[in-house]
Protein chains: 2
Amino acid sequence: MSTAHSARARARIEVTAAIKDEARRQLAAEGAAKLSLRAVARELGMVSSALYRYFPSRDDLLTALIIDAYDSVGEAAETALGAAGDADPVERWTVVCEAVRTWALAHPHEYALIYGTPIPGYVAPETTVPAAARVALVLIGIVRDARMGPGLDLPPLPADLEAEAERMAADFASDLPPAVAPALVAAWAQLFGLIGFELFGQFHRVVEEREAFFRNAARHLAHGVGLS
Amino acid sequence: MSTAHSARARARIEVTAAIKDEARRQLAAEGAAKLSLRAVARELGMVSSALYRYFPSRDDLLTALIIDAYDSVGEAAETALGAAGDADPVERWTVVCEAVRTWALAHPHEYALIYGTPIPGYVAPETTVPAAARVALVLIGIVRDARMGPGLDLPPLPADLEAEAERMAADFASDLPPAVAPALVAAWAQLFGLIGFELFGQFHRVVEEREAFFRNAARHLAHGVGLS
DNA sequence: TCCAAAGCGAGAGCGGCGCTCTCTTTTCGG
DNA sequence: CCGAAAAGAGAGCGCCGCTCTCGCTTTGGA
């Protein structure tokens with residue numbers, strides 16, 4: 001299906017990819033705020049208006065980069081899980097967390113693009129949802145697999161969360177006890193709190209041994225979702 | 001000391017404040033990325049170049065807003081702690097977390113300014129440090145006070161974190177057991193992970209009962225630092 | 001096979017941005 | 001009172017996102 005329908009169609013695919021590649025380069029070098037369509041076009045030897053044949057606006061180009069970034073970090077998580085083999089659940093969880101952190105440190109501007117301040121006035125189209133979910137699905141999978149082994153052990157939920165927990169579980173963890181759903185979501189958000197603080201400089205002069213610190217925190221997150 | 005040295009000095013203070021106020025208005029309305037010196041000047045009836053007499057660059061204006069934002073959220077946390085009176089430590093911790101969240105929901109763009117993606121190429125001057133520390137100091141204080149009551153109970157640290165924990169504790173929690181320091185830092189980062197995810201839309205279609213969800217997560221964070 | 005339609009690149013241009021420089025007016029302190 | 005410092009105005013530089021028009025090329029159906 002990727003075979004050409006026509007020379008023009010093939011060219012379009014290639015130019016689109018070239019634009020994204022150059023945009024990704026500039027994103028990595030300078031950050032999303034300094035990514036400019038004109039600079040991308042210049043680097044590609046086109047005139048800036050020609051670029052609008054491929055992306056109707058700067059935001060659309062960013063959206064493409066956002067999806068790629070979600071897929072990139074999702075793939076990093078999935079690969080790490082695969083490489084973890086049959087280690088115990090806590091170790092699998094920790095390894096995946098570390099993979100996400102490593103990816104973030106290697107791609108700080110792409111991380112910022114997806115987990116940092118949203119582009120003002122920009123609303124992520126639904127297209128991004130499947131890519132965005134990949135990391136979360138990996139984490140959920142670890143808990144799911146662990147359930148086959150030793151049971152999960154979680155504190156009871158407050159009454160005002162029971163209905164919500166059941167709704168959540170029905171959405172994305174229907175084969176797990178409801179109490180695990182809010183714990184998972186919280187751990188998921190907290191994981192990115194740890195990574196974001198490190199990446200965005202809040203740990204400056206606060207945390208020095210960052211690998212050890214993170215690993216320890218990630219293990220505690222695992223316990224928080226009932227792994228042991 | 002705020003009494004005028006001269007009419008000019010007084011005017012300078014007033015104009016500086018007016019610029020910050022208008023900038024804050026635009027920040028709240030449109031976000032940091034759309035905050036423009038020219039628009040601020042226009043709204044104030046000045047020409048844009050005149051504004052450079054007060055702030056040498058857009059980044060300097062942003063720095064001023066950043067410090068104000070840190071102070072604002074810090075004050076919110078301190079006020080909440082004051083109002084919590086002599087509630088038990090977990091409740092005090094939770095109330096402070098909720099106050100930070102409430103502030104963030106009320107001031108999303110200011111939150112993004114301080115806890116979101118850093119301005120590209122921008123390095124926060126040391127000036128911001130004391131203001132930035134206020135929330136953290138409130139949280140540390142709660143744990144410190146709790147230590148006077150029932151003891152903290154924390155799992156042992158892995159060997160590769162012991163030295164780091166002692167260094168951390170010496171820095172900002174010298175009267176607490178070293179093991180609490182990394183737990184506190186992690187909880188601090190995780191708190192802002194929860195808030196950031198809610199604020200930046202990651203909880204869209206995931207968490208519905210957000211107050212209850214957050215309160216529960218905040219209580220678990222409290223347990224994570226040894227409160228009970 | 002031909003031809004209208006669609007795709008595409010180039011160029012000029014609009015309004016906005018941060019920032020600089022120069023010039024004039026106002027104010028201040030010795 | 002007067003020289004210096006501060007402040008505002010205005011023009012201008014090089015960016016930016018985005019639009020529009022104009023030709024050239026490719027394409028697919030009659």
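Naming convention: chains lettered A, B, ... in sequence-line order (proteins, then strands); numbering from 1 in each chain.
Using a 4.0 Å heavy-atom distance criterion, A/S48 is classed as a base contact. Across all strands, B/L44 comes closer than 4.0 Å to no nucleic acid atom at all (heavy-atom distances).
Side-chain contact between A/F200 and A/Y111 is present, with heavy atoms from C-beta onward closer than 4.5 Å. B/L62 has its side chain within reach of B/D59: a pair of non-hydrogen atoms, C-beta onward, lies under 4.5 Å apart.
Rounded to whole Å, atom P of C/dC17 lies 11 Å from atom CD of B/E43. Distance, A/R38 CZ to C/dA12 P: 12 Å, rounded to whole Å. C/dA6 atom C1' lies 12 Å from atom CZ of A/R12, rounded to whole Å. Here C/dC8 presents its C1' atom at 12 Å from CG of A/L51, a figure rounded to the nearest Å. As a whole-Å value, the separation of B/R53 CZ from C/dC21 P is 12 Å. One atom, CZ of A/F55, and another, C1' of D/dC18, lie 16 Å apart when rounded to the nearest Å. The CG-P distance, from A/L37 to C/dC17, rounds to 18 Å in whole Å. Taking atom CG of residue B/L61 and atom P of nucleotide C/dG18, one finds them 10 Å apart after rounding to whole Å.
Between B/Y54 and D/dA6 there is no side-chain N or O to OP1 or OP2 distance below 4.0 Å. Within the structure, every side-chain polar atom (N or O) of A/Y52 is placed at least 4.0 Å from both OP1 and OP2 of D/dC20. Taking side-chain N and O atoms only, B/R42 has a distance below 4.0 Å to OP1 or OP2 of C/dC17. Taking side-chain N and O atoms only, B/S36 has a distance below 4.0 Å to OP1 or OP2 of C/dC17. Residue A/R58 places at least one side-chain N or O under 4.0 Å from the OP1 or OP2 atom of D/dG17. In terms of phosphate contacts, B/S6 brings a side-chain nitrogen or oxygen within less than 4.0 Å of OP1 or OP2 of C/dC28.
Side chains of B/T63 and B/D60: no donor on one and acceptor on the other come within 3.5 Å.
Each of A/V138, A/T79, A/V135 was checked for a side-chain contact (heavy atoms from CB on, under 4.5 Å) with A/V96, and the lone residue meeting it is A/V138.
Along DNA chain D, the nucleotide nearest to B/G45 and the one nearest to B/R8 differ in position, and the one closer to the 5' end is contacted by B/R8.
When distances run from any side-chain atom of A/A39 to the nucleotides C/dT20, C/dC19, D/dC16, the shortest one goes to D/dC16.
Of the charged side-chain nitrogens involved, at least one lies within less than 4.0 Å of a carboxylate oxygen, so that B/D171 and B/R167 count as a salt-bridged pair.
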